[in-house]
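Here is the structure we will look at.
Model, not experiment: these values are computed from the prediction. When reading the values below, keep in mind they use all heavy atoms of this one structure, side chains included, and skip hydrogens, waters and symmetry mates. Below, chain A is the first sequence line, B the second, and so on; all start at residue 1.
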Protein chains: 2
Amino acid sequence: MSRGRSPTIKDVAKVAGVSSATVSYVLNDLNKVTPEVDALVRRVAKELGYSRNNAARALKTGRNNIIGCILPTLTSPVFPEIAQAVQLRAEAHGYATLVIDSGNAPMREEKVVRTLAKHGVDGAVALLHPNFKLADPPLFPIVSLDAKFPGLDSVHADHYAGGRLMAEHAIALGHRCIGMLSGFQDLTSSFERRQGFVDAAAGRVELVWEVNVQLVPQLPPEAVAAIRRREVTMIACVNDLVAIAALSVLKDSGMSAPGDVSVFGFDDMQWASWPLIDLTTIRQPLAELGSRAADLLISRLDDRQRPVVDVVLPVTLVERGSTARVPPLP
Amino acid sequence: MSRGRSPTIKDVAKVAGVSSATVSYVLNDLNKVTPEVDALVRRVAKELGYSRNNAARALKTGRNNIIGCILPTLTSPVFPEIAQAVQLRAEAHGYATLVIDSGNAPMREEKVVRTLAKHGVDGAVALLHPNFKLADPPLFPIVSLDAKFPGLDSVHADHYAGGRLMAEHAIALGHRCIGMLSGFQDLTSSFERRQGFVDAAAGRVELVWEVNVQLVPQLPPEAVAAIRRREVTMIACVNDLVAIAALSVLKDSGMSAPGDVSVFGFDDMQWASWPLIDLTTIRQPLAELGSRAADLLISRLDDRQRPVVDVVLPVTLVERGSTARVPPLP
DNA sequence: TCAGGTCGTTTAATCGTGTAAATAGATAAG
DNA sequence: CTTATCTATTTACACGATTAAACGACCTGA
């Protein structure tokens with residue numbers, strides 16, 4: 001019965017007794033054919049188990065129905081949540097998703113973009129370092145994740161508002177002496193989070209110490225030393241991963257949160273809610289971030305001329321067990 | 001200068017003053033041409049910034065240079081490590097990787113396979129539920145991850161040996177009364193881990209209680225109750241995620257590891273080493289799992305007739321702070 | 001009755017590569 | 001000098017789909 005290779009549009013046409021063009025019209029939902037022929041063709045196609053050859057379609061139309069998703073790494077709790085959302089939404093629109101990690105290196109980002117281009121993606125969702133240089137002309141449309149990017153559509157949480165929220169909550173809990181583990185300020189989101197915090201804290205809180213750290217769950221010696229000095233009642237962290245690192249240092253030093261010092265994170269990644277960690281944090285809607293980015297990209301693919309848009313998603317406070325009201329002065 | 005669209009093999013041919021066939025021969029490394037022409041063509045191709053149109057190549061050859069990677073989820077610490085390794089190795093061989101999650105549902109697995117087929121993957125690396133039925137004839141070659149699978153190449157850790165290792169170490173630490181959080185036994189790896197443990201423990205350890213649990217960081221009430229009964233000196237867990245759930249329950253119940261009870265994991269996922277968690281566990285080489293699987297798949301794509309192979313990787317004991325020598329009897 | 005318009009379908013060209021088969025050019029053999 | 005044997009290159013078609021343009025059948029109104 002089966003000829004070995006899978007049936008083509010011509011096989012369907014032959015069996016249905018129509019031309020291959022008609023089959024193509026039917027299968028592309030351009031309603032150019034009579035209802036009867038339409039039904040006939042669909043029935044035959046299903047019977048033969050026909051499925052469109054994507055390569056041929058891509059060759060002819062220049063569209064591959066594949067999008068890329070560029071993230072710094074997958075071995076961090078936040079990014080897979082985003083990737084999953086992107087993929088889900090893309091699939092709903094008939095796109096497959098090529099997830100690829102740039103390893104945090106801005107040089108590799110450009111290589112990764114070329115790799116994706118080589119594999120013919122129609123566009124990509126990407127978390128890019130601000131000094132990433134996009135090729136001119138761009139190889140494909142890109143939607144920037146997590147930060148505005150000149151000339152690109154973008155989707156990101158309201159980091160600034162999140163920073164403010166942190167400060168307000170800290171103040172509400174009575175904290176006046178705070179240490180800060182901020183990210184390096186070349187990353188837009190780290191910068192804005194800090195800025196929001198600093199602006200809202202101004203005059204009401206003393207920023208006793210501040211250390212710039214990498215966004216990984218290990219702290220540099222300088223940060224460890226600062227924490228051990230016990231000069232603050234709260235440590236405000238640029239993200240949850242760093243907050244977990246802070247909790248680790250506390251534990252190693254025989255201290256604990258929130259008994260000795262409160263710890264505040266940012267992101268609300270999945271693990272933040274584990275009882276073992278139980279982190280108070282600012283929640284950014286990771287899944288929505290991903291799906292909105294996918295939407296934006298797909299709409300861009302359908303209309304390249306549409307003006308650039310910047311979607312800002314709201315953040316919320318999630319109060320858990322790593323923070324507490326500051327103890328009354330003795 | 002640029003005609004808008006990217007240069008084709010014909011453009012290269014014209015500029016180099018040869019036929020398009022010659023260019024094709026050069027670029028495919030079939031050494032059918034004189035060294036001078038070879039060099040000339042390569043130079044021109046580079047000058048024009050030529051890059052092969054993958055869709056056209058795929059249409060002609062039937063190979064897309066894309067592989068799939070099917071995993072139950074990405075929002076678990078273990079799988080991204082595997083995915084990253086697969087991707088890295090695949091890229092080294094010129095393949096892109098379509099990572100896709102099957103959401104743990106065996107029914108969805110078959111759908112995911114069809115999705116991948118639709119997007120024209122040449123093959124896939126997959127972590128499959130044992131009762132997954134592969135299409136006949138198969139849509140593409142698959143390498144099974146984490147467990148042997150009839151008819152497929154496979155790569156997996158030596159779960160049975162890991163189970164034995166757990167038991168031996170527990171015995172060495174003096175534990176005689178052990179509770180077990182085992183996975184559901186329809187999953188091969190869960191079954192083998194348990195079997196190894198039980199075989200090695202036979203006659204030397206009393207298995208006081210055992211609960212089958214899902215491989216997620218939350219425990220069913222039954223398991224929570226068992227833990228709170230305080231009848232054992234060690235809890236042996238089917239994997240690290242479950243072990244973390246156990247640690248959480250301990251904390252919620254005012255107990256701690258290893259003071260009140262030792263906790264033993266399996267996998268050695270990245271977070272197991274965080275000071276906050278600090279889990280004794282059996283390490284399976286996740287990255288190697290991924291890269292070996294990719295290798296196997298690619299070699300299969302090059303030779304469909306090659307006999308099926310089953311690669312078993314060794315596991316090792318990683319001793320951390322969640323286990324301790326059993327306290328001497330009062 | 002015939003020009004003109006609609007509508008549904010087919011014809012045929014095209015996308016960029018790969019590759020079998022044809023060809024030309026050089027060399028060797030008889 | 002002819003013929004055979006290579007080898008380097010080109011010619012020409014196929015892969016499977018999309019789509020503009022051509023076509024034919026039918027209807028309509030003057």
Side-chain angles (χ1 to χ4, degrees), chain A residues 2-42 44-45 48-66 94 117-122 301-302, chain B residues 2-42 44-45 48-66 94 117-120 122 302:
Chain A
S2 85
R3 265 260 147 276
R5 72 184 209 304
S6 58
T8 76
I9 208 172
K10 278 190 183 169
D11 298 325
V12 176
K14 195 166 298 173
V15 174
V18 298
S19 81
S20 66
T22 302
V23 177
S24 176
Y25 289 139
V26 170
L27 268 35
N28 285 330
D29 292 321
L30 320 173
N31 35 359
K32 298 198 164 198
V33 302
T34 27
E36 304 90 65
V37 177
D38 185 284
L40 170 66
V41 168
R42 285 183 202 280
V44 172
L48 296 189
Y50 170 80
S51 109
R52 162 162 57 214
N53 180 321
N54 242 285
R57 177 201 176 82
L59 172 58
K60 186 63 178 134
T61 64
R63 295 182 58 160
N64 274 42
N65 282 11
I66 301 189
K118 211 181 63 186
H119 284 284
V121 300
D122 300 317
L301 293 176
D302 290 337
Chain B
S2 86
R3 264 258 149 278
R5 70 184 211 303
S6 57
T8 76
I9 209 173
K10 279 188 182 167
D11 299 326
V12 175
K14 195 166 297 174
V15 174
V18 298
S19 82
S20 67
T22 302
V23 177
S24 178
Y25 288 138
V26 170
L27 267 35
N28 285 329
D29 292 323
L30 321 173
N31 37 358
K32 296 198 164 199
V33 302
T34 26
E36 305 90 64
V37 177
D38 186 284
L40 170 65
V41 169
R42 285 184 201 279
V44 172
L48 296 189
Y50 169 81
S51 109
R52 161 162 59 211
N53 180 320
N54 241 285
R57 177 201 176 81
L59 172 59
K60 192 62 178 124
T61 63
R63 294 183 57 161
N64 275 41
N65 282 11
I66 300 190
K118 212 181 63 189
H119 284 285
D122 299 318
D302 291 337

(request) Count the heavy atoms belonging to other residues, nucleotides or ligands that lie under 6.0 Å from CG of B/Asp302, then report whether that count exceeds 12. (result)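 Yes, CG of B/Asp302 has more than 12 neighbouring heavy atoms, counting only those of other groups under 6.0 Å.
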
Nearest-Å distance for atom pair [atom1]/[atom2], residues [X] and [N]:
{"X": "A/Ile9", "N": "C/dT14", "atom1": "CD1", "atom2": "P", "value": "19 Å"}
{"X": "A/Lys10", "N": "C/dT11", "atom1": "NZ", "atom2": "C1'", "value": "12 Å"}
{"X": "A/Lys60", "N": "D/dA14", "atom1": "NZ", "atom2": "C1'", "value": "16 Å"}
{"X": "A/Tyr25", "N": "D/dA22", "atom1": "OH", "atom2": "P", "value": "13 Å"}
{"X": "A/Asp11", "N": "D/dG16", "atom1": "CG", "atom2": "C1'", "value": "10 Å"}
{"X": "A/Asn28", "N": "D/dA17", "atom1": "CG", "atom2": "C1'", "value": "9 Å"}
{"X": "A/Lys14", "N": "D/dA17", "atom1": "NZ", "atom2": "P", "value": "13 Å"}
{"X": "B/Asn53", "N": "C/dC15", "atom1": "CG", "atom2": "P", "value": "12 Å"}

Grab the two heavy atoms, one from [X] and one from [Y], that are nearest each other, plus how far apart they are.
{"X": "A/Asp122", "Y": "A/Arg63", "result": "OD1-CA, 3.4 Å"}
{"X": "B/Arg52", "Y": "B/Asn28", "result": "NH1-OD1, 2.9 Å"}
{"X": "A/Asp38", "Y": "A/Val33", "result": "CB-CG2, 3.7 Å"}
{"X": "B/Val41", "Y": "B/Val12", "result": "O-CG1, 4.3 Å"}

(message) Regarding B/Thr34, tell me which of base, sugar-phosphate or nothing describes its non-hydrogen contacts under 4.0 Å with the strands shown.
(response)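 Sugar-phosphate only.
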
(message) Under 4.0 Å, heavy atoms only, any strand: does B/Thr61 hit a base, just the sugar-phosphate, or nothing?
(response)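 The residue B/Thr61 makes sugar-phosphate contact but no base contact.
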
(message) Which is more 5' along DNA chain C, the nucleotide nearest A/Ser20 or the one nearest A/Val33? Just name the residue.
(response)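 Going by which nucleotide is closer to the 5' end, it is A/Val33.
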
(message) Pick the closest DNA chain D nucleotide for B/Gly17 and for B/Leu59 by heavy atoms, then say which residue is nearer the 5' end.
(response)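 Result: B/Gly17.
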
Closer than 4.0 Å, any side-chain N/O of [X] to the OP1 or OP2 of [N]?
{"X": "A/Ser19", "N": "C/dT9", "answer": "no"}
{"X": "B/Ser24", "N": "C/dT17", "answer": "no"}
{"X": "A/Arg52", "N": "D/dT18", "answer": "yes"}

(request) For the side chain of A/Thr22, starting at C-beta, report the closest nucleotide among C/dT9, D/dA17, C/dG18. (result)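 For A/Thr22, the side-chain atoms sit closest to C/dT9.
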
(request) Measure from the side-chain heavy atoms of A/Thr8 and tell me the nearest of C/dT9, D/dG16, D/dT10. (result)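 So the side chain of A/Thr8 is nearest to D/dG16.
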
